[in-house]
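Okay, so here's the structure we're looking at.
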Amino acid sequence: MPRLDIDTRRTQLIDAAIRIALRDGLDNTTVRRIATEAGVSLGTVHYCFDNKRALLEAVVETLLQREVDVAEFDLPDGATPVDAIKQAFRYYWTLSGAQTERQRLVYELVAYLVRQEAPGPQLAQRIFANKYEVVRGFVELFQKKGEAELGLPADVIARMTVAMTDGVALAWLADGDDEKALEVLDSFAEILARTQT
């Protein structure tokens with residue numbers, strides 16, 4: 001195998017870790033299996049990452065970079081508040097909510113990280129902080145385009161929305177019912193739109 005620079009090798013190892021975690025679960029994502037999946041020696045893994053925790057931190061960072069990008073969401077001019085919020089939820093669902101394996105991995109990661117010593121709980125908090133930031137971005141976009149404000153603080157809306165969308169995605173993992181998931185998202189959009197001032 002050709003010699004790769006350390007950043008390229010780290011990316012290769014992170015991708016291998018994510019593939020194993022998606023396929024076999026987080027508990028089976030060992031350093032030895034990551035090395036085998038990436039086609040490198042154990043020494044290479046330890047050269048790139050001090051320990052498994054450092055590798056998990058890098059996995060979290062990579063997953064955060066693959067979250068929903070508000071900048072790519074095109075909110076049509078003149079959309080009613082409820083239609084704008086529904087479209088935002090459907091955009092989320094298309095990119096993030098309906099990705100079964102990715103959602104399962106994020107839930108597994110959070111459950112795993114909160115049981116670990118530092119920085120595990122802090123990494124779990126970062127996952128949610130990123131989700132809250134994405135929602136705040138949508139709220140700001142809504143307020144700019146819609147010339148109206150939602151009648152709740154942005155932080156409260158962010159937490160409510162993440163709690164709801166994560167619940168919908170978790171239920172969807174269990175039942176696979178897209179129609180019901182979208183029905184709940186649309187209903188929540190209607191409730192949220194009623195708070196506008």
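Just so it is clear, the values below take in all heavy atoms, side chains as well, and ignore hydrogens, waters and symmetry mates.
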With rounding to the nearest 0.5 Å, note down the distance linking [atom1] in [X] to [atom2] in [Y].
{"X": "I85", "Y": "R90", "atom1": "CD1", "atom2": "CZ", "value": "14.0 Å"}
{"X": "L56", "Y": "L109", "atom1": "CG", "atom2": "CG", "value": "6.5 Å"}
{"X": "R194", "Y": "L192", "atom1": "CZ", "atom2": "CG", "value": "10.5 Å"}
{"X": "D155", "Y": "Y132", "atom1": "CG", "atom2": "OH", "value": "9.5 Å"}
{"X": "L105", "Y": "L22", "atom1": "CG", "atom2": "CG", "value": "5.0 Å"}
{"X": "L64", "Y": "E133", "atom1": "CG", "atom2": "CD", "value": "12.0 Å"}

Examine distances only and state if a side-chain atom of [X] and a backbone atom of [Y] form a donor-acceptor pair shorter than 3.5 Å.
{"X": "R136", "Y": "A154", "answer": "no"}
{"X": "T36", "Y": "R32", "answer": "yes"}
{"X": "T161", "Y": "A158", "answer": "no"}
{"X": "Y92", "Y": "Q87", "answer": "no"}
{"X": "K52", "Y": "T29", "answer": "yes"}

Please tabulate, for side-chain N and O atoms in residues 120-129, each donor-acceptor pair with protein atoms closer than 3.5 Å (sequence neighbours left out).
{"residue": "R126", "atom": "NH1", "partner": "E61", "partner atom": "OE2", "Å": "2.1"}
{"residue": "R126", "atom": "NH2", "partner": "E61", "partner atom": "OE1", "Å": "3.4"}
{"residue": "R126", "atom": "NH2", "partner": "E61", "partner atom": "OE2", "Å": "2.8"}

Could you check if a side-chain atom of [X] sits within less than 4.5 angstrom of a side-chain atom of [Y], using non-hydrogen atoms only?
{"X": "F49", "Y": "V31", "value": "no"}
{"X": "I18", "Y": "I14", "value": "yes"}
{"X": "F188", "Y": "M160", "value": "yes"}
{"X": "F89", "Y": "M164", "value": "yes"}
{"X": "R159", "Y": "V135", "value": "no"}
{"X": "N28", "Y": "R33", "value": "yes"}
{"X": "V40", "Y": "I34", "value": "no"}
{"X": "V59", "Y": "L63", "value": "yes"}

Is a salt bridge present between E37 and R23, judged by a nitrogen-to-oxygen distance below 4.0 Å?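 So E37 pairs with R23 through a salt bridge.
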Would you call E190-K86 a salt bridge at under 4.0 Å N-O?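 Counted as a salt bridge, because a side-chain N and a carboxylate O are separated by less than 4.0 Å.
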Considering all heavy atoms, the nearest [X]-[Y] contact:
{"X": "L26", "Y": "E108", "answer": "N-OE1, 2.9 Å"}
{"X": "A193", "Y": "P81", "answer": "CB-C, 4.2 Å"}
{"X": "A54", "Y": "D50", "answer": "CB-N, 4.2 Å"}
{"X": "A118", "Y": "R53", "answer": "O-NH1, 3.1 Å"}
{"X": "W93", "Y": "V168", "answer": "CZ3-CG1, 3.9 Å"}

Aromatic ring pairing F138/Y91, orientation class (parallel under 30°, perpendicular over 60°, tilted between):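 Perpendicular: the ring planes of F138 and Y91 meet at over 60°.
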Examine [X] and [Y] and state if one hydrophobic cluster contains both, with Ile, Leu, Val, Met, Phe, Trp and Tyr joined whenever side-chain heavy atoms are less than 4.5 Å apart.
{"X": "V82", "Y": "F142", "value": "no"}
{"X": "I191", "Y": "I157", "value": "no"}
{"X": "L170", "Y": "V184", "value": "yes"}

Distance alone, cut at 3.5 Å: any donor-acceptor contact between the side chains of S41 and T44?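 Distance-only check passes for S41 and T44.
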We want to know whether D178 and W172 form a side-chain donor-acceptor pair, criterion being a heavy-atom distance below 3.5 angstrom.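 Distance-only check passes for D178 and W172.
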Take atom CG in D27; do more than 12 heavy atoms of anything else shown fall under 6.0 Å from it?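 At most 12 heavy atoms, drawn from other residues, nucleotides or ligands, come within 6.0 Å of this atom.
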